[in-house]
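Convention: sequence-line order gives letters A, B, ...; per-chain numbering from 1.
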Number of protein chains: 2
Amino acid sequence: MRVSELAVRSDVTIASVKYYIRIGLLHPGVAQSATRAEYDDSHLERVRLIRTLVDVGGLSIERISEVVAALDNPPASRHELLGTAHEVLRDRDRPPASASAQRLVDGVVPACLPSAADHGNPGRSPATLTLDQAITVAESSGWPITAETLTCWGEAMRAVAEVDVVADLADASPAQALRYAIIGNVVTDPILLALRRVAQERLSSERLGGVTAPP
Amino acid sequence: MRVSELAVRSDVTIASVKYYIRIGLLHPGVAQSATRAEYDDSHLERVRLIRTLVDVGGLSIERISEVVAALDNPPASRHELLGTAHEVLRDRDRPPASASAQRLVDGVVPACLPSAADHGNPGRSPATLTLDQAITVAESSGWPITAETLTCWGEAMRAVAEVDVVADLADASPAQALRYAIIGNVVTDPILLALRRVAQERLSSERLGGVTAPP
DNA sequence: CAATGATGGACACTGCTACTATCCAAAGTC
DNA sequence: GACTTTGGATAGTAGCAGTGTCCATCATTG
């Protein structure tokens, strides 16, 4: 297909396609002549990935470059796959984690989320680092998290992750699996948060005995 | 206190304080003379709220204006409180929900999140609308959600919301309760998502039998 | 009591991001 | 042969969230 078709099919302007190629997010088409190049499904898929990451995930172009780099050079082992996915999704410009947050995490997580990696020193994975920092931010916003709360949430998220991991493991190539892990989290995170709000409304209406629905 | 102190205590430059006042996010200090005004804890609290919403929630200044407007004019009834909180946190520029997503939500949510509001026609609350749209986006990103998945997630999020609602109801004035509902969601959403990732890593390492931890 | 320096108010300006627009010459199309 | 499309390059734009600068006032301090 030509640029115009790629642009229409991915719902993006030609100018944007050119832009993505220029900054290296998208590989150029195969040049047929000085004024013609051929684009294929890999281009279409890439542009759609970019748009999902921008529109749904709210990732910056810079972050997307990292995602793309990881996809073009995926980890060989299954074990590092999620780590890589979580690393690119991780918010890098957060203040460092407080000691109390790390202690809380160390105390609660192994108990409610047992893992084979608990033998020996597990180190701090991207996700654990993110958790440390998120709890630190909450603390400094005057919203301290108790061990009980975290335990309860951890158990709930284990149930969520059961579904996730099963879905992710079905796939074939490392690049595809990585793609799935990244897109899967990006598109389903908002669903989870929306469900949380729905649950809050319904629970609160039950507790208060009234009707929460708006006009 | 004077601007300089307010600026230091809220970790913001004087220029930013002036900016927030100029655009109406922050009420001016009480003028003592042409070159002196007195600021109090309400100013400090407001600036900290703004920064939390910007830094943690990633809200735009425009959205924060809505939050501030809601706080200055909170709903009188407890029942509308969460609805208002969810309305201001809701992403307004999403495509409309698909019929299939709405059907999915209607089929799953009442079953796993029973509510007093289910008598008669409940309408669509802000959170439900957000959920519809989030599922629609997932569908159109090639990530269809099954009823089983949604049910499982819904049950997990009910457990999460149990903790939330208890915390929110402890408070006094409508404005305070609204503030808590908004900040609470904003600062704890990232924790939940981080826990999800941690759970994924640990579960996957258990399934794969290896060690997921990075270097 | 004069020098110093913080304040309020107004307005212009900046830095960053993510595109858009324009131009051109070559190539394909009708 | 007129018209459209493309690739490549470069410059320009829109929006957001502040910053910088200026000035007249005013409080403080040596």
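One can place CD1 of B:Ile21 at 7 Å from P of C:dG8, the figure rounded to the nearest angstrom.
Listed for the B:Arg2 side chain is no donor-acceptor partner under 3.5 Å among the backbone atoms of B:Glu38. Using a distance-only test at 3.5 Å, with no hydrogens or angles considered, no donor-acceptor pair links the side chain of A:Arg22 to the main chain of A:Ser16. A donor-acceptor distance shorter than 3.5 angstrom exists from the side chain of B:His43 to the backbone of B:His27, with no hydrogens or angles considered. With hydrogens and angles ignored, the 3.5 Å screen pairs no side-chain donor or acceptor of B:Thr130 with any backbone N or O of A:Ala194. A side-chain donor-acceptor contact under 3.5 Å links A:Arg63 to the backbone of A:Val88.
With sequence neighbours excluded, no residue forms a salt bridge (charged side-chain N to carboxylate O under 4.0 Å, His left out) with B:Arg158. The side-chain contact (heavy atoms from CB on, under 4.5 Å) test applied to B:Ala37 returns B:Tyr39, not counting sequence neighbours. Contacts of A:Ser141 classified as side chain to side chain donor-acceptor pair (under 3.5 Å), with partners at least two apart in sequence or in another chain: none.
Within 4.0 Å (heavy atoms only), B:Ala31 reaches no atom of the nucleic acid at all.
Heavy-atom contacts from other residues, nucleotides or ligands closer than 6.0 Å to CD of B:Gln32 number more than 12.
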Each nucleotide of nucleotides 14-30 of chain C classed B (base within 4.0 Å of a protein heavy atom), S (only sugar-phosphate) or -, in 5' to 3' order, makes ----BBB-----BSS--
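From the 5' end on, the contacts that DNA chain D makes with chain B at under 4.0 Å to a non-hydrogen atom open and close at D:dA17 to D:dA27.
Direction of the helix axis in the helix from C:dC1-D:dG30 to C:dC30-D:dG1 shifts by 10° between the two five-pair termini, rounded to 10°.
In this structure, B:Arg179 is not positioned above the aromatic face of A:Trp143 in the sense of NZ or CZ being under 6.0 Å from the six-membered ring centre and within 45° of the axis.
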